[in-house]
2 protein chains.
Amino acid sequence: MPTLSEVARRAGVTSATVSNVLRNRGRVGEETRQRVLEAVEALNYRPHLAARALAEGRAPTLALMVSSIANPFYPEFALAVERSARESGHFVIICNTNDDSIAGRAYLEQIAGNLSEGVLVMNANLDFDDLRATQERGTPVVLCMWERPGDPPGLPCVAVDFRLAGRLAGRHLIELGHERIGAIVGSKPSGIHAPRYAGFADAMRETGRKAYAKSKRHAPDTIAGGYAAARELLERDPALTAIFATNDLPALGAMHAAADLGFDVPRDLSVIGITDIQLARESRPPLTTVAVPTIEAARMAVSLLRELIERPARGEEPSALMCVTSSPELVVRGSTRSVSKKKRKES
Amino acid sequence: MPTLSEVARRAGVTSATVSNVLRNRGRVGEETRQRVLEAVEALNYRPHLAARALAEGRAPTLALMVSSIANPFYPEFALAVERSARESGHFVIICNTNDDSIAGRAYLEQIAGNLSEGVLVMNANLDFDDLRATQERGTPVVLCMWERPGDPPGLPCVAVDFRLAGRLAGRHLIELGHERIGAIVGSKPSGIHAPRYAGFADAMRETGRKAYAKSKRHAPDTIAGGYAAARELLERDPALTAIFATNDLPALGAMHAAADLGFDVPRDLSVIGITDIQLARESRPPLTTVAVPTIEAARMAVSLLRELIERPARGEEPSALMCVTSSPELVVRGSTRSVSKKKRKES
DNA sequence: TTGAAAGCGCTAACAA
DNA sequence: TTGTTAGCGCTTTCAA
């Protein structure tokens, strides 16, 4: 690989000059410029990003921490992150923590500040103290999807009003006339799914329903998890006419369970999720869900991070430590319907 | 961020010594060692990976080029790649080419050799000349999933016998008694899906069937693509009893189309795909498919790449330029069944 | 066993 | 407009 000074030698100038033309920093004579460009071309020169990073005191990558990139939601997000990151010349390093905070810490310690200029966190299974520590050591961190806009996490974040999402889902079901509604809630009791369920509960309370509390199951955030939970729910109370899940994947699983138990969705049972992942559009029937502004969140997270990276260099305070995305929105598709008078036919 | 020499100063030694203890290179007195370790601890020192990379002349990352990480197949693969990469201390940079060879080239030029020590290519939409060029500039490249073991691509690769996969799928259908079989083939005519279809055709030929040729559609490698193609196929020839798709996603789409047209899968129509993505297990009915050794391919790709990275340093020739994974295997699930005598009931 | 010194490829003052 | 020089943080001979 040719280096700057080889290019310089060939062009009969010094590396400083080559550097200047490469960065378009002006103050270079047109003729010299041409010569340099020719040399670059002839040698097929490409700048050494690691060297540049070292000299500039900044790294050209952002780290994206996820529990597992294989979760169907993350890739969509990662794609958006990558696109935004590219705009500021950053590459993105995927860090799978595998839901293990030890692994997460290991990643942070190795990457932060050296290889990556900033850290994006897409799951809550990292130790917040670790995150604060890396922040204090000079590498900005932003949480990509904070679920409670009203309750700042003590770290920069982009917040999505998931409580509202839950409420919208609940309301939709109520408007369709459902009374007996089961709920499938993400597995970590005090975890990120609490606000979603709280919103759902709000909707129930607002309209004077109480029955919902009996029919609640926790399940891992997967199709299989939702399947198992829905089965339990439905076997325990076959009179349920709707199921609310705090996430699309379990909602999809619930549809399968319903089918296996002889319920027709949406005729006998309505199912609603939250997020609007790609798959939600592609299930049969397509899933009614509350869409969360994923792409917007990704963009915001990257620009917030970028701001945090750049501000200190300019001696300014960041303008805000929390961005709030636009609100979640109900997307009515085929998996919900107004409750039929005759209720279920079979089972 | 503390630096090596700060640690050194605090421990009353030079940076060379600190470096030695950190790399466990021995030749350091036990007492000094302790002092250094304490200083490291006290200062909370972490090595600067970019600086180390520069000094060592090697980068700590691998680039994974994919057309779009959002394709449901890639994340599973990416996860496996990341795990393997970590074993040799590499981080993985995700490069979404977006199926655009210009974007791909841009990535290669920026990353290869500087930020990344090697390049993994997970789609064929990169210009092979670009790949060869980066290889010649000193950055090893490996194709992660070459479809024709018998026909080396002129680049290091790990090959999967996709023709066999196609054949297994075809045979399975034939063994179930199917005669009229439709095929959905990936959209790029001469592209990566050709061997899969060729294998399918082999199976047909071997058993003297010819009808298949009429019922073939090209479709993008998505659920929607498969849906549209299957609809066409089925509307054109409702007597089809089976559909073979060169990939799971379109196969899943075909199942949806079948359902929409009143075909029951598998009673009226069998559907089979290739790959065995996670989703295949989670569809209704679960998809019969030919499983491809994804994880194994990921591991092989990373170790081949690692070997290519290290060999030249040791002056050796790489042992092989092509690894072949174990063979694809039929996974029978719920979407295929022996052809019923009465054929379809409805439609 | 430890230190001194050069250098990886680049940037960025500052001088000329 | 261009060159000189001094690093960025680390590794690695080679000496001591």
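Since the model is a prediction, treat every value here as computed from it, not as a measurement.
In this structure, Leu54(A) atom CG and dG9(D) atom P are separated by 7 Å, rounded to whole Å. Between the CG atom of Asn114(A) and the P atom of dT11(D) there is a distance of 11 Å, rounded to whole Å. Counting to the nearest Å, the P atom of dG7(D) and the CD atom of Glu56(A) are 18 Å from each other. Distance, Leu49(B) CG to dT11(D) P: 10 Å, rounded to whole Å. Distance Leu43(A) CG to dC10(C) P: 11 Å, rounded to the nearest Å. Atom CZ of Arg58(A) is separated from atom P of dG9(C) by 21 Å (rounded to the nearest Å). Atom pair Asn20(A):CG and dC10(C):P shows a separation of 14 Å (rounding to whole Å applied).
We find that Arg23(B) and Glu56(B) are joined by a salt bridge, their nearest charged nitrogen and carboxylate oxygen being less than 4.0 Å apart. Salt bridge status for Glu30(B) with Arg33(B): present, with a side-chain N to carboxylate O gap under 4.0 Å.
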(request) Could you walk me through whether Glu117(A) and Thr139(A) pass side chain to side chain donor-acceptor pair (under 3.5 Å), step by step? (result) CA-CA 6 Å; Glu117(A) 218 178 357; Thr139(A) 308; over 6 Å; no

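Residue-level contact check: Gly29(B) touches the backbone only, with heavy atoms under 4.0 Å from sugar-phosphate atoms and none from bases. As judged by a 4.0 angstrom heavy-atom cut-off over every strand, Gly113(A) is placed among residues making no nucleic acid contact. Within the nucleic acid shown, Thr3(B) comes within 4.0 Å of sugar-phosphate atoms alone, with no base atom in reach, counting heavy atoms only.
Summary of helix geometry: the two end axes of the helix from dT1(C)-dA16(D) to dA16(C)-dT1(D), each defined by five base pairs via their C1' atoms, are inclined to each other by 40° (rounded to 10°).
Of the candidate nucleotides dG3(C), dC10(D), dT2(C), dT2(C) has the atom lying nearest to any side-chain atom of Val28(B).
Comparing Val13(B) and Arg52(A) along DNA chain C, the residue whose closest nucleotide (by nearest heavy atom) sits nearer the 5' end is Val13(B). Judged by closest nucleotide on DNA chain C, Thr14(B) is the one of Leu4(A) and Thr14(B) placed further toward the 5' end.
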Check nucleotides 13-15 of chain C against the protein and report each pair of N or O atoms closer than 3.5 Å, with its distance, or say if there are none.
none

